[in-house]
Amino acid sequence: MSTTIPLNALRRHEIISNLSSQEFDLLIIGGGITGAGIALDAASRGLTVALVEKHDFASGTSSKSTKLIHGGLRYLKQLEISLVREVGRERAILHRNAPHIVIPENMLLPIVAKGSLGKRSTSVGLYAYDMLAGVRRKERRVMLSILQTLKQEPLLRKEILLGGGLYKEYRTDDARLTIETMKTARAHGAVMVNYTLAKDLIYENGKIAGIYAQDLLGNQHYKIHARKTVNAAGPWVDTLRNIDKSLKGKRLHLTKGVHIVVPYERLPLHQAAYFDVADKRMVFAIPRGRTTYIGTTDTNYKEDIDNPTTTLADVEYLLKATNYVFPTANLTVQDVTSSWSGLRPLIHEDGKSPSELSRKDEIFYSESGLISIAGGKLTGFRKMAERTVDVVVKQLSSEQAKEYKPCYTDKITLSGGDFNDEDKIPVFADKLYNEHKSTGLLREDFRQLVDKYGSNTPDVIGRIEKTDASLPINIRSVIAEVDYCVEQELVETLGDFFTRRTGRLYFERPTIADLLQPVADHMATVLEWTPETKATRLADFEKEYLAAVDFR
Ligand code: FAD
C-alpha cells in the first residue's frame, strides 16, 4: 500500500513528489465520481493507485447533475430493465455507506391530462420500479387520487390533474459524494491530486506506461509511471482517446443539461416533483434548504467542453414547464438566483435523440492498453468501478502472477458516513449543538454542517476555537470550514470551496457577498498566495459566479 498523505493542500508538494517517484499499479485520469470510485475500488483491493484531475475534483459533470441517486424511472420507460435493477440496488448500498449524503426523499409524480403517464401504467411502472430496485416495504409507492395529490401538493394545476404517484428517490450532493469517495480512497492509500493535467501519454514498446503531468498551480511538469492507465475523463474521454490515436468505433455523444435555482418561497413545494413537459420529456423540481432547483434540459452539445453555459433559452424552457404545472408560481427570469450546466458523456447511437440515448456505461480498450470508461450515472459509479477494476486486476494478475482481493466496496463506509443508521444523524447534530452552543451557532447551523461533513463535523467545529474570536461567529464557522477543506479536501481555490465543497454558489448564493472577502483573505494567508495569485483567484471565482447567474 502506498503512503497515505492526506488530501491536504498544505502538503501538495509531498503529494506531487509521491506521484513522481514510484511506478503505480494503476493511474486514473479524471477526478469525477467515476475516477473517484475506481480509485477507491482499486486501492481497497491492494493496488497502488494514482489519480490526476485537471481542474478541481468533481468540477466536470460530477457537480452538475440533478443530484439524485435514483433507480432511473425513465429507464423503465425505455425498458432498460437490468439498468433499473442495478441502479436501484446501488441506491440502497450508497445510502447504507454514506447516509449523510444519500438521503431518501418523497417524490411526487403528478399524472396529468395529455401527459406521458397514464394512471394504470404509472401504478404498474412504479410497482415494477420498487420491485426491481428492491425497495423497503415502508418506502414503496402509493397511488393518489386527484384530491390526495392536491393535498400533497396544493400548487399543482388542478384542471389537468388525473391523480399522482408518491415514491422514494434519494437525494445527494454529487460533488460531496465525489470528495467523500476520494477521501476514502486516500485512506486506502490512493495518491490523488487536483489541478494536474494529463498532458500526454508515455509509451514504452508501444504500450502505455503513464502520463506527462502538468501541475497547473505551480506550472511544474513531471512524469507519472503506471502499469495500467484508466481514462475516466467523462466528457473528455474522447480527447484522451484522440491523444492515444485510438479514437475509432464508438464515440461519445455529449448532451447538455441545465438546472436553475429559485428561492424556496417562490416555489414552496412540499416535496420533490417529477413532471411532464410539453415535448414529452420530464423535469424535476426539488426543494433544497432555502431554495428549490429545477432541471434539467437535454440538448445536443458540440461547443467548448470546458465551458458549457446556461443560456436564456435553457432558463425559459425550464420556467415555462414549471409555470404550466405550478401556475400560481409565475416564475420569471428575475427569480432565478443561480444555475449550473453540465455535459452528459453518453455513447453515440445513430438516429437517437438526446433523451433516447442509453445511460449505460461501456469500457473501450485500445491497442496501447489505455482503458477508457464512458457513459453511466452517478448512481451506478460503484458498479462501474468494480467492472473497470476487474479488468485491470485480470490484466495485472496475468502479467505479474499476483493475486488481488475481490471488490468489497459495498461494505466500505464512505468518509463522513459513520452512523449506524440514518435516524442517528439528527441526534448527532443535536448532540453537537448541546455541546457547542456556547460558540453562538444555532441548532440549524449544526444540522447544516452535519449535512455536509457527516461524522467528520467535530473536526470542523474543533477548528472554530482556533479562529479569531473578535470575528462574528458566522465568519469564524466558515473559516473553520475552509481550514478543514484545505487540510482534508485539497481545496486550492475559492470555487473549490464555495461551489464544490459547500454548494454555496448554488444554494446559498446571497451569503457569498459577506463571506467572499474574509474567506479570500484567510485562504491567501494559509495557502501563502502572493497578491497576484490572490487577484487571479478572485477573478477566477468571479467568472465562475457569473456563469451561474449571468444568462440574461
Ligand atoms: P466527470 O465528472 O466529468 O469527471 C471527469 C473529470 O476528468 C473532469 O473533472 C475533468 O476535469 C477530468 N479530466 C478530463 N481530461 C483530463 C486530463 N487530460 N487530465 C486530468 N483530468 C482530466 N446521474 C445520476 O445518477 N443522478 C442524477 O441525478 C444525474 N443527473 C444528471 C444531470 C445532468 C444535467 C447531467 C449532465 C448528468 C447527470 N447524471 C446523473 C449523470 C452523472 O452526473 C454523470 O454520469 C457523472 O457525473 C459522470 O462522472 P465522470 O466522473 O465520468 O465525469
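Order of appearance sets the numbers: ligands from 1, and atoms from 1 within every ligand.
A tilted orientation is assigned to the rings of W340 and Y506, their planes being inclined by 30° to 60°. H253 and H348 have parallel rings, their planes meeting at less than 30° on a 0 to 90° scale where 60° marks the start of perpendicular.
The shortest separation from a heavy atom of H259 to ligand 1 is under 4.0 Å, placing the residue in contact. Ligand 1 lies out of reach of T178, whose nearest heavy atom is not under 4.0 Å from it.
Between S65 and the choices T172, L177, T296, L378, the side-chain contact (heavy atoms from CB on, under 4.5 Å) rule is met once, by L378.
Shown in contact with G342 at under 4.0 Å from a heavy atom are these atoms of ligand 1, numbered in order with element: 36 (C). Set against the non-hydrogen atoms of P235, the atoms of ligand 1 under 4.0 Å away are 3 (O). Counting atoms of ligand 1 from 1 in the listed order, those under 4.0 Å from a heavy atom of T296 are 34 (C). Close contacts between ligand 1 and K64 involve ligand atoms 33 (C), 34 (C) [criterion: under 4.0 Å to a heavy atom]. Of all atoms in ligand 1, listed by their number and element, those nearer than 4.0 Å to a heavy atom of L343 are 36 (C). Per-residue contacts place K67 under 4.0 angstrom from the following atoms of ligand 1 (heavy atoms of the residue considered): 28 (O).
For ligand 1, the polar-atom distance check finds no N/O of W236 at less than 3.5 Å from any of the ligand's N/O atoms. Between L378 and ligand 1, at least one N/O pair is under 3.5 Å apart. Checked against a 3.5 angstrom limit, the closest N/O atoms of D56 and ligand 1 fall outside it. By the 3.5 Å distance cut-off applied to N or O atoms, I33 is counted among the residues near ligand 1. Some N or O of T379 is nearer than 3.5 Å to an N or O of ligand 1, by distance alone.
Using a 4.0 Å cut-off between charged side-chain N and carboxylate O, R288 and D173 make a salt bridge. Here D41 does not pair with R382 in a salt bridge; the nearest charged N to carboxylate O distance is not below 4.0 Å. Salt bridge absent: D410 and K383 never bring a charged side-chain N and a carboxylate O closer than 4.0 Å. Contact check on E489 versus K183 returns a salt bridge, with a Lys/Arg side-chain nitrogen under 4.0 Å from an Asp/Glu carboxylate oxygen. Using a 4.0 Å cut-off between charged nitrogen and carboxylate oxygen, D56 and R500 count as a salt-bridge pair. Under the 4.0 Å criterion applied to side-chain N and carboxylate O atoms, E492 and R12 are assigned as salt-bridge partners. Checked for salt-bridge contact, D306 and K54 meet the test: a charged N lies under 4.0 Å from a carboxylate O.
Closest heavy-atom approach to atom 34 (C) of ligand 1 among the candidates S62, G257, A213, G37: G257. Distances from atom 30 (N) of ligand 1 to the heavy atoms of T66, T297, T239, D174 put T66 nearest. In the candidate list S59, G234, S65, S65 is nearest to atom 29 (C) of ligand 1, counting heavy atoms.
Using a 4.0 Å cut-off between heavy atoms, H70 contacts ligand 1 through its side chain alone, with no backbone atom that close. In A232, the part holding a heavy atom less than 4.0 Å from any atom of ligand 1 is the backbone. Counting heavy atoms closer than 4.0 Å to ligand 1, residue T196 contributes backbone atoms (N, CA, C, O) but none from C-beta onward.
Looking at every heavy atom in both residues, T379 comes nearest to I69 through OG1-CA, 3.5 Å.
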- Query: Please walk me through it: do D279 and Y317 pass side-chain hydrogen bond (donor to acceptor under 3.5 Å, both in side chains)?
  - Reply: CA-CA 10 Å; D279 60 6; Y317 170 90; 2.9 Å; yes
- Task: For Q22 and H225, run side-chain hydrogen bond (donor to acceptor under 3.5 Å, both in side chains): C-alpha distance rounded to whole Å, both residues' side-chain angles, the deciding distance at 0.1 Å, then the answer.
- Result: CA-CA 7 Å; Q22 57 178 305; H225 293 280; over 6 Å; no
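Other residues, nucleotides and ligands place no more than 12 heavy atoms under 6.0 Å from the CD atom of E367. More than 12 non-hydrogen atoms from other residues, nucleotides or ligands lie less than 6.0 angstrom from CZ of R387.
When hydrogens are left out, the protein atom nearest atom 26 (N) of ligand 1 is L68 O, 2.7 Å; that is the closest non-hydrogen contact. Counting protein heavy atoms only, atom 45 (O) of ligand 1 is closest to G376 O, 3.2 Å. Atom 9 (O) of ligand 1 has as its closest protein heavy atom E53 OE1, 2.7 Å. From the protein, the heavy atom lying nearest to atom 50 (P) of ligand 1 is T34 OG1, 3.2 Å. The protein atom (non-hydrogen) at minimum distance from atom 3 (O) of ligand 1 is T61 N, 2.9 Å. In terms of protein heavy-atom proximity, atom 40 (C) of ligand 1 is nearest to K377 NZ, 3.4 Å. Scanning all protein heavy atoms for the shortest distance to atom 35 (C) of ligand 1 gives R344 CG, 3.6 Å. Residue, atom and distance of the protein heavy atom nearest to atom 19 (N) of ligand 1 are A198 N, 2.9 Å.
Side-chain atoms of T309 do not come within 3.5 Å of backbone N or O of T311 as any donor-acceptor pair.
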